[in-house]
Amino acid sequence: MSMGHPPYFPLSLPILFLFATVLLSAFTGADLPGTWELLVPNAGIASMHTAVTHFGTVVLLDRTNIGPTRKMLRKGHCRFDQNDTLSKKDCYAHSVLFDPQSNQIRPLMILTDTWCSSGQFLPDGTLLQTGGDLDGWRKIRKFVPCDPTQFCDWEELNDIELANGRWYATNQILPDGSMIIIGGRGTSSVEFYPPRSGAVSFRFLSEMADRQGDNLYPYVHLLPNPNGHLFIFANNRAVLYDYGNNVILKNYPALDGGPRNYPSAGSSVMLALEGDYSTAVIVVCGGAEYGAYIKMDTTTPGAR
């Protein structure tokens, strides 16, 4: 396995932008690499998290405690939360479902705050979203996708919750179809869904914290080895983690250039496996010099 920082990055974790849906055209031969086409000028919400389902629909998810959006919930469906300082009765959508075939956007109902939560698809295509802020801190939610002609919506699980509250965590599917949930602000532990035996301490994350954080949304990749070990990167370091025995098998050298994780906001991806699929190439790029977040200095150069 190797690490590097080439001048491109094809995948990011959460997507933070005011969503105007676009389509990147395919390109072949000597054609220029695509064009952008505006499909929907206003999706009604700001998409903090975006996920494409196996039906080709797109789930957009924001936070709940920001007041009205530009998309109403279905008639007669409102969220009631006496602890919400802005909207104790909230009839606005904070999640929507976009169908690229028809360009239609349908409101979805989310009940607890999903601000900087984390999610992952289960083997059956269900989107599992965990944690968040305030009343969403320990919540587990799921969205079972459906054909665009059918109705599906978020379901908040009331019979189960996270062992530790998690905000800015990372979720990773495992070979047996379960999910590991790693870290979060002030949470140096891992746990599993379905639950196993509560949360397990993972000190590497606390060791990688600094005054800015920089250990949030750790980069996690399932490696192609018989035991399914995990590559976990936080701040400027990475480890090889045996989650079955809660043991760090290897510490990788520090990566130069400053912190790479949130809030320094770099990104990571595992490239497509080649050959006999036994070697993984992990790309980590972006980030910022330490202190850029504290100073809020937009002139500080980013890391490569």
Side-chain angles (χ1 to χ4, degrees), residues 10-28 33-64 66-80 87 90-132 136 139-158 160 171-173 177-179 193 269:
L11 180 67
S12 60
L13 290 179
I15 302 176
L16 300 141
F17 61 103
L18 183 60
F19 194 86
T21 309
V22 292
L23 175 67
L24 182 61
S25 302
F27 67 95
T28 58
T35 58
W36 292 99
E37 179 185 353
L38 181 65
L39 299 182
V40 179
N42 192 329
I45 71 166
S47 184
M48 182 177 296
H49 305 276
T50 304
V52 180
T53 76
H54 60 281
F55 286 98
T57 52
V58 185
V59 179
L60 311 181
L61 181 63
D62 194 15
R63 57 189 291 190
T64 57
I66 55 173
T69 64
R70 295 188 178 183
K71 192 71 174 178
M72 300 290 295
L73 290 167
R74 291 180 296 145
K75 185 176 181 180
H77 291 74
C78 296
R79 184 177 67 94
F80 295 90
S87 304
D90 185 2
C91 300
Y92 292 88
H94 301 283
S95 179
V96 299
L97 187 67
F98 170 58
D99 177 10
Q101 296 300 315
S102 64
N103 288 349
Q104 295 298 304
I105 292 179
R106 178 170 66 80
L108 300 175
M109 189 169 186
I110 196 84
L111 297 177
T112 54
D113 193 11
T114 49
W115 180 18
C116 292
S117 56
S118 54
Q120 178 66 269
F121 284 104
L122 295 172
D124 65 356
T126 296
L127 177 59
L128 196 79
Q129 197 79 13
T130 58
K139 292 296 292 186
I140 301 175
R141 319 159 190 86
K142 66 179 181 179
F143 179 80
V144 181
C146 59
D147 185 274
T149 61
Q150 300 175 320
F151 179 82
C152 44
D153 208 340
W154 284 102
E155 176 187 354
E156 307 239 355
L157 306 186
N158 296 316
I160 185 175
N171 299 11
Q172 171 65 51
I173 195 168
S178 65
M179 184 181 299
Y193 177 89
V269 68

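Counting begins at 1 with the first residue of the sequence. Since the model is a prediction, treat every value here as computed from it, not as a measurement.
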> Excluding sequence neighbours, so at least two apart, what forms salt bridge (Lys or Arg N to Asp or Glu O under 4.0 Å) with R79?
Replying inline: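 Testing R79 for salt bridge (Lys or Arg N to Asp or Glu O under 4.0 Å), a comparison that skips the adjacent residues, returns D81, D84, D90.
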How about [X] and [Y]: do any of their side-chain heavy atoms sit closer than 4.5 Å?
{"X": "Y193", "Y": "T130", "value": "no"}
{"X": "H94", "Y": "I45", "value": "no"}
{"X": "Q120", "Y": "L128", "value": "no"}
{"X": "M72", "Y": "P107", "value": "no"}

How many angstroms lie between [atom1] in [X] and [atom2] in [Y], if you round to the nearest 0.5 Å?
{"X": "S178", "Y": "L122", "atom1": "OG", "atom2": "CG", "value": "9.5 Å"}
{"X": "Q129", "Y": "F121", "atom1": "CD", "atom2": "CZ", "value": "9.5 Å"}
{"X": "H77", "Y": "D153", "atom1": "NE2", "atom2": "CG", "value": "8.0 Å"}
{"X": "C152", "Y": "L127", "atom1": "SG", "atom2": "CG", "value": "11.0 Å"}
{"X": "F80", "Y": "C91", "atom1": "CZ", "atom2": "SG", "value": "6.0 Å"}
{"X": "M179", "Y": "Q172", "atom1": "CE", "atom2": "CD", "value": "9.0 Å"}

> Could you go step by step and tell me if F143 and L97 meet the side-chain contact (heavy atoms from CB on, under 4.5 Å) rule?
Replying inline: CA-CA 11 Å; F143 179 80; L97 187 67; 4.1 Å; yes
Under the rule for side-chain hydrogen bond (donor to acceptor under 3.5 Å, both in side chains), what residues qualify as partners of [X], not counting sequence neighbours?
{"X": "D99", "result": "S102"}
{"X": "E156", "result": "T112"}
{"X": "R70", "result": "none"}
{"X": "W154", "result": "S95"}

> Does the pair V144 and E155 meet the rule for a side-chain contact (heavy atoms from CB on, under 4.5 Å), with working shown?
Replying inline: CA-CA 8 Å; V144 181; E155 176 187 354; 5.7 Å; no
When you measure from the side chain of [X] to the backbone of [Y], do you find a donor-acceptor pair of N or O atoms at a distance under 3.5 Å?
{"X": "K71", "Y": "I105", "answer": "yes"}
{"X": "T69", "Y": "A93", "answer": "yes"}
{"X": "R141", "Y": "G131", "answer": "yes"}

> Got more than 12 heavy atoms from elsewhere within 6.0 Å of OH, Y92?
Replying inline: no
> Which atoms form the tightest heavy-atom contact between L73 and C78, and what is the distance?
Replying inline: CD1-CA, 4.2 Å
>> Please find the pair of heavy atoms, one from I110 and one from T114, that lie closest to each other, and give the distance.
In response: CG1-CG2, 3.8 Å
Which pairs would a plain distance check flag for residues 54-63, meaning a side-chain donor or acceptor within less than 3.5 Å of a matching protein atom at least two apart in sequence or in another chain?
| from | atom 1 | to | atom 2 | distance (Å) |
| --- | --- | --- | --- | --- |
| T57 | OG1 | T53 | OG1 | 2.7 |
| R63 | NE | N65 | OD1 | 3.0 |
| R63 | NH2 | N65 | OD1 | 3.1 |

> Passes side-chain contact (heavy atoms from CB on, under 4.5 Å), N158 versus K139? Steps please.
Replying inline: CA-CA 8 Å; N158 296 316; K139 292 296 292 186; 3.4 Å; yes
